[in-house]
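In this chain, numbering begins with 1 at the start of the sequence shown.
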Amino acid sequence: MDQVVEVHKFRTDAGIRVRVMYGVIFVLSIILAWIFRLYGVEIFTHLPGQTEPCTNDSCFRTQGVLRVCFTLTTFYISMGLIMIKHKTEDGGGIFRSRFQDGLWLIKIPVILIILTISLFLPNKFFYIYSFVALVGGIFFIFIQVVLLVDFAYELNENWVEKEWYRLIVILSAAIYIVSLAGIIAMFVLFRCALHVFFISFTLISSVIYTYLSLREDLNRGSLLTSAVLTGYCTYLCFSAIEGSVTSSQCNPFYHADSNQSPTWLLIVGITIAIASVTWNTTTSASTKGFFDLQTKSEDETLLLSQKRSSKRYNVTFFHLSFACGSMYMAMLFTSWNNADQSQRIDVGPASMWIKITSQWLCILFYFWSLIAPLICRSRDWD
């Protein structure tokens with residue numbers, strides 16, 4: 001038994017290291033995209049054939065971001081195609097296993113070659129790519145919503161297994177207090193009808209699903225799970241209405257003579273976005289079955305852990321998740337193809353509605369996870 005545990009630990013650690021390495025490549029590339037965005041004018045005005053159809057500085061910055069994200073998308077999609085039908089539990093061939101887990105001295109130069117080629121491709125090509133990225137970015141939001149709800153359930157499960165009940169109550173109370181304070185502040189700061197509706201919907205839905213999660217007859221949710229969802233939905237609501245470009249009367253953070261959001265909000269938003277994308281993509285391929293809260297014996301836990309870290313690790317889906325994450329970051333940096341506000345980060349009507357829709361999907365998915373066992377009684381939810 002001890003030998004099995006050691007082998008399993010080695011495989012799990014190796015798999016984590018590989019996924020972290022792909023995540024590091026992603027983060028470094030997004031930092032490069034940000035640099036391209038800051039200095040896109042200086043970079044692309046000195047490249048042949050890159051002055052059309054760009055007629056302003058904003059276009060150059062957008063083109064820089066799209067080229068880096070296109071490079072990431074191409075790399076991860078290529079890796080996903082190479083790894084089709086490759087699972088970590090069966091080896092999938094010695095070459096493909098080695099190519100997935102190593103050969104970084106080959107893969108990193110390939111990424112640089114793709115990026116170099118992209119610098120000389122016409123801007124019209126990336127105009128088309130921006131619409132492909134729009135679809136991929138929206139698809140990534142669906143992945144993100146599912147994984148967030150699953151993460152909230154897993155966090156509660158792990159802490160219950162460790163009997164950290166006092167910590168669960170303290171953290172849940174802290175999240176609810178901060179969320180309530182944020183909601184009250186938003187009611188004070190944002191007074192336009194649409195904004196008030198978004199804030200009210202966030203508050204009412206949080207109260208409803210918290211109540212449902214505590215009902216004994218449902219026996220699915222928990223206080224901590226609902227608290228995590230409340231905190232995330234409150235953040236999405238604030239981010240959406242703060243980024244809506246209306247007027248200083250409706251949005252106190254809006255300034256007509258400024259092309260930037262407040263610096264602190266910009267840093268927080270970008271950090272959360274990069275962390276979210278990296279976390280979601282590195283966990284999406286091996287996430288367990290949703291909402292499994294039953295207690296298992298030590299042997300069953302080990303076997304389940306082996307299955308999650310190896311068999312459930314779908315390599316193709318792992319790379320496709322990163323590809324969608326790359327397209328999502330492209331949309332984030334270009335305010336979802338909003339040309340009028342392309343100098344600003346993740347603001348405008350399109351960004352606002354995408355965030356609000358993401359919040360609604362998150363709430364809807366959590367509601368479904370709570371009431372589904374009552375509706376579909378014939379299905380085994382354990």
Side-chain angles (χ1 to χ4, degrees), residues 141 143-189 198-242 265 268-269 271-273 275-276 278-280 282-284 287-296 301 308 355-356 358-374 381-382:
I141 289 177
I143 300 175
Q144 184 171 261
V145 166
V146 172
L147 292 179
L148 175 73
V149 176
D150 186 53
F151 166 77
Y153 273 105
E154 283 197 49
L155 180 65
N156 177 75
E157 175 189 0
N158 292 335
W159 286 18
V160 168
E161 289 178 353
K162 297 176 181 178
E163 299 183 352
W164 292 354
Y165 302 116
R166 184 175 300 179
L167 186 58
I168 289 176
V169 174
I170 293 174
L171 180 59
S172 299
I175 294 176
Y176 276 117
I177 291 172
V178 173
S179 299
L180 181 60
I183 289 174
I184 294 174
M186 284 189 286
F187 272 123
V188 174
L189 295 173
F198 290 155
I199 302 168
S200 302
F201 181 85
T202 302
L203 176 62
I204 294 172
S205 59
S206 298
V207 172
I208 293 175
Y209 62 64
T210 299
Y211 167 73
L212 291 176
S213 67
L214 297 177
R215 286 177 60 95
E216 294 184 0
D217 55 335
L218 292 179
N219 193 30
R220 297 301 301 174
S222 68
L223 184 64
L224 181 58
T225 305
S226 297
V228 172
L229 266 293
T230 298
Y232 179 70
C233 290
T234 302
Y235 164 75
L236 280 181
C237 180
F238 171 74
S239 181
I241 60 180
E242 183 279 330
L265 199 58
V268 170
T271 302
I272 291 177
S276 173
T278 306
W279 169 260
N280 289 335
T282 53
T283 58
S284 61
T287 185
K288 69 170 190 174
F290 297 132
F291 321 131
D292 179 8
L293 300 177
Q294 64 181 348
T295 303
K296 296 176 175 60
T301 302
R308 289 175 190 169
K355 291 176 183 177
I356 286 297
S358 175
Q359 185 209 56
W360 292 349
L361 286 173
C362 188
I363 294 171
L364 180 63
F365 191 77
Y366 185 48
F367 268 125
W368 172 250
S369 73
L370 292 173
I371 65 175
L374 295 179
W381 294 91
D382 293 328

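A pairwise comparison of heavy atoms in Cys233 and Gln359 identifies O-NE2, 2.9 Å as the closest pair. In plain terms, the two heavy atoms of Ser369 and Tyr366 that are nearest each other are OG-O, 2.7 Å. The two residues Ile175 and Ala227 have their closest heavy-atom pair at CG2-O, 3.0 Å. Annotation for Ser179 and Thr234: closest pair CB-OG1, 3.7 Å, computed over non-hydrogen atoms. Shown here for Leu148 and Cys362, the closest heavy-atom pair between the two residues is CD2-SG, 3.6 Å.
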Worksheet item: side-chain contact (heavy atoms from CB on, under 4.5 Å) between Leu361 and Phe365: does it pass, once the steps are laid out?
Response: CA-CA 6 Å; Leu361 286 173; Phe365 191 77; over 6 Å; no
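Taken to the nearest 0.5 Å, the CG atom of Leu147 stands 11.0 Å off from the CZ atom of Phe151. In this structure, the separation between CH2 on Trp159 and CD1 on Ile168 is 7.0 Å, given to the nearest 0.5 Å. Expressed to the nearest 0.5 Å, how far CE of Met186 lies from OG1 of Thr202 amounts to 6.0 Å. Rounding to the nearest 0.5 Å places CG of Leu212 at 6.0 Å from CG of Leu370. Expressed to the nearest 0.5 Å, how far CG of Asp150 lies from CG of Leu155 amounts to 11.0 Å. Expressed to the nearest 0.5 Å, how far CZ of Phe238 lies from CD1 of Ile199 amounts to 10.0 Å.
Contact annotation: the side chain of Ile356 never approaches that of Phe201 to less than 4.5 Å [non-hydrogen atoms, C-beta and beyond]. Proximity of Thr230 to Tyr209: side-chain heavy atoms (C-beta onward) are separated by under 4.5 Å at one or more points. The side-chain heavy atoms of Ile184 and Leu180, taken from C-beta on, include a pair separated by under 4.5 Å.
Listed for the Ser239 side chain is no donor-acceptor partner under 3.5 Å among the backbone atoms of Tyr235.
Tested against Leu224, the residues Leu229, Asn156, Val169, Val160 include a single side chain to side chain contact (heavy atoms under 4.5 Å, CB included) partner, Asn156.
A donor-acceptor pair shorter than 3.5 Å can be found between the side chains of Ser226 and Ser213. Judged by distance alone, the side chains of Gln144 and Ser358 never bring a donor and an acceptor atom under 3.5 Å apart.
Other residues, nucleotides and ligands contribute only 12 or fewer heavy atoms inside 6.0 Å of the OH atom of Tyr211.
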